[in-house]
Amino acid sequence: MSLTDTYTLSNGITIPIMGFGTWQSEDGDVAYQAVRWALEAGYRHIDTAAIYGNESSVGRAIKDSGVDRKSLFVTTKLWNDAHSYDGARTALTDSLKKLGLDSVDLYLIHWPNPAAIRSQDNQTWKETNAETWRALEDAYKTGKAKAIGVSNFQIHHLEALAETQTIPPMVNQIFLNPSDQQPDLVKYNDEHDILTEAYSPLGTGKLVNLPQVASVAKKFNKSVPQVLIRWSLEKGFLPLPKSTHEDYIKANADVFDFKLNTDDIAQLDRLVGVGGSHIDPDLSDF
Ligand SMILES: NC(=O)c1ccc[n+]([C@@H]2O[C@H](COP(=O)([O-])OP(=O)(O)OC[C@H]3O[C@@H](n4cnc5c(N)ncnc54)[C@H](OP(=O)(O)O)[C@@H]3O)[C@@H](O)[C@H]2O)c1
């Protein structure tokens with residue numbers, strides 16, 4: 001395994017097995033510099049979103065890096081205020097403009113059931129997701145998105161989407177680390193040829209000093225974050241670690257010279273609940 005190894009999505013597109021996260025990387029110098037360092041460290045997969053407010057900085061960093069666009073994989077996501085056919089089209093156009101790109105490699109519906117459209121009969125999200133997805137399918141057909149997918153979708157959201165989709169989602173990006181392994185959802189993704197991307201692989205920082213992982217880390221002369229990222233890779237997930245510090249960015253990519261054994265993995269698997277869990281998308285207040 002290496003940083004430029006790839007998984008192949010259900011449509012045949014390849015995607016680097018690890019991505020670089022940018023949530024809470026402040027627009028401007030912080031996000032710009034983080035992405036520059038990530039590209040220098042060898043990451044070739046960048047994960048952003050309209051709501052992160054940093055697409056312009058990400059785009060500028062990509063451009064200035066001189067890295068060939070063809071060797072890069074760029075993901076962005078449609079925010080909760082754009083859940084309609086026209087809304088999604090406009091949102092993608094806007095994101096592409098900010099990123100300074102003609103196309104993204106992956107476009108995701110960020111959340112399945114925004115609070116603003118949640119209805120009492122609990123049906124509206126099904127209709128708006130179907131409409132929104134139709135816009136993503138059209139973006140895929142015209143090449144503005146080389147792959148399309150979803151994020152934070154639970155099984156019932158995926159099942160509802162399947163009733164009307166003509167192109168299935170290729171990716172489901174979800175909260176995934178030893179503290180919350182969402183096994184039923186991962187199984188569903190696997191059975192439907194949907195790649196599972198693991199966001200918050202370090203629990204948004206909550207897991208980076210976990211004493212329960214320290215002994216495994218010491219054994220390999222690695223850090224706790226490196227072991228957590230490796231755990232994700234060995235599970236066949238696609239981790240998206242985020243940092244704004246050059247040393248962390250480099251270290252998080254240095255996870256390809258050791259291998260966890262069955263006991264190490266079992267030790268991490270037992271950490272359910274130690275550092276947070278996913279937000280229920282049907283109860284979120286955004
Ligand atoms: N689809 C979604 O709804 C969704 C939701 C959340 C996240 N995501 C994606 O997944 C990415 C990662 O998730 P996340 O942002 O929640 O956080 P994360 O990657 O789990 O953790 C990031 C935190 O850990 C710290 N950190 C990183 N590497 C470290 C190291 N080697 N040693 C010590 N501390 C370290 C970072 O610090 P510094 O930043 O200060 O360096 C930051 O505070 C996001 O950036 C985003 O791209 C998607």
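Nothing fancy with the numbering, it's 1 onward along the sequence. Small disclaimer: the values here were computed from a predicted structure and weren't measured.
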Would [X] end up clustered with [Y] when hydrophobic side chains under 4.5 Å apart are linked, directly or stepwise?
X    : Y    : result
V30  : Y32  : no
I117 : F153 : no
L202 : F256 : yes
I167 : Y85  : no

Which heavy atom of [X] sits nearest to which heavy atom of [Y], and what is that distance?
X    : Y    : answer
Y248 : S243 : CB-OG, 3.2 Å
I17  : L238 : O-CG, 3.2 Å
T244 : W37  : O-CZ3, 3.4 Å
A49  : H110 : CB-CE1, 3.6 Å

Between [Y] and [X], is there a salt bridge with N-O shorter than 4.0 Å?
X    : Y    : value
R69  : D105 : yes
D257 : R230 : no
E191 : K187 : yes
D254 : K222 : yes
R134 : E137 : no

Next item on the list: Would you please name every residue forming a salt bridge (Lys or Arg N to Asp or Glu O under 4.0 Å) with K77, sequence neighbours left out?
Entry: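 Partners of K77 by the salt bridge (Lys or Arg N to Asp or Glu O under 4.0 Å) criterion, ordered by chain and then number, come out as D47.
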Check: Quick one: salt bridge (Lys or Arg N to Asp or Glu O under 4.0 Å) partners of K250, sequence neighbours excluded?
Finding: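 Partners of K250 under the salt bridge (Lys or Arg N to Asp or Glu O under 4.0 Å) test: E246.
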Next item on the list: Evaluate the ring planes of W79 and F286, with Trp represented by its six-membered ring, and classify them as parallel (under 30°), tilted (30 to 60°) or perpendicular (over 60°).
Entry: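 Rings of W79 and F286: parallel, as their planes differ by under 30°.
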With a sphere of 6.0 Å drawn around [atom1] of [X], does it hold more than 12 non-hydrogen atoms of other residues, nucleotides or ligands?
X    : atom1 : result
R44  : CZ    : yes
N221 : CG    : no
K206 : NZ    : no

[X] side, atom [atom1]; [Y] side, atom [atom2] - distance, nearest 0.5 Å:
X    : Y    : atom1 : atom2 : result
N189 : E197 : CG    : CD    : 10.5 Å
H245 : N252 : NE2   : CG    : 12.0 Å
Q181 : S232 : CD    : OG    : 10.0 Å
S56  : L99  : OG    : CG    : 7.5 Å
I194 : S10  : CD1   : OG    : 8.0 Å

Next item on the list: Determine, step by step, whether K141 and D138 satisfy the salt bridge (charged side-chain N to carboxylate O under 4.0 Å, His left out) criterion, reporting the C-alpha distance in whole Å, the side-chain angles of both residues, the deciding distance to 0.1 Å, and the verdict.
Entry: CA-CA 5 Å; K141 286 177 199 157; D138 286 350; 3.7 Å; yes
Aromatic contact between [X] and [Y], with the criterion being ring centroids under 6.0 Å apart: yes or no?
X    : Y    : value
Y199 : W23  : no
H157 : W125 : yes
H278 : F175 : no

Note to self: Does any part of the side chain of E55, heavy atoms only, come nearer than 4.5 Å to the side chain of D94, both counted from C-beta?
What the structure shows: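 A side-chain contact is absent here, since even the closest heavy-atom pair is not under 4.5 Å.
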Next item on the list: Using atom types as modelled and distance alone, determine if a side-chain donor or acceptor of D64 lies under 3.5 Å from a backbone N or O of A61.
Entry: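 Checking the backbone N and O of A61 against the side chain of D64, no donor-acceptor pair under 3.5 Å is found.
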Notebook entry, point to check: So among L271, D264, L207, which one has a side chain to side chain contact (heavy atoms under 4.5 Å, CB included) with V213?
Noted result: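 Result for side chain to side chain contact (heavy atoms under 4.5 Å, CB included) with V213: L271.
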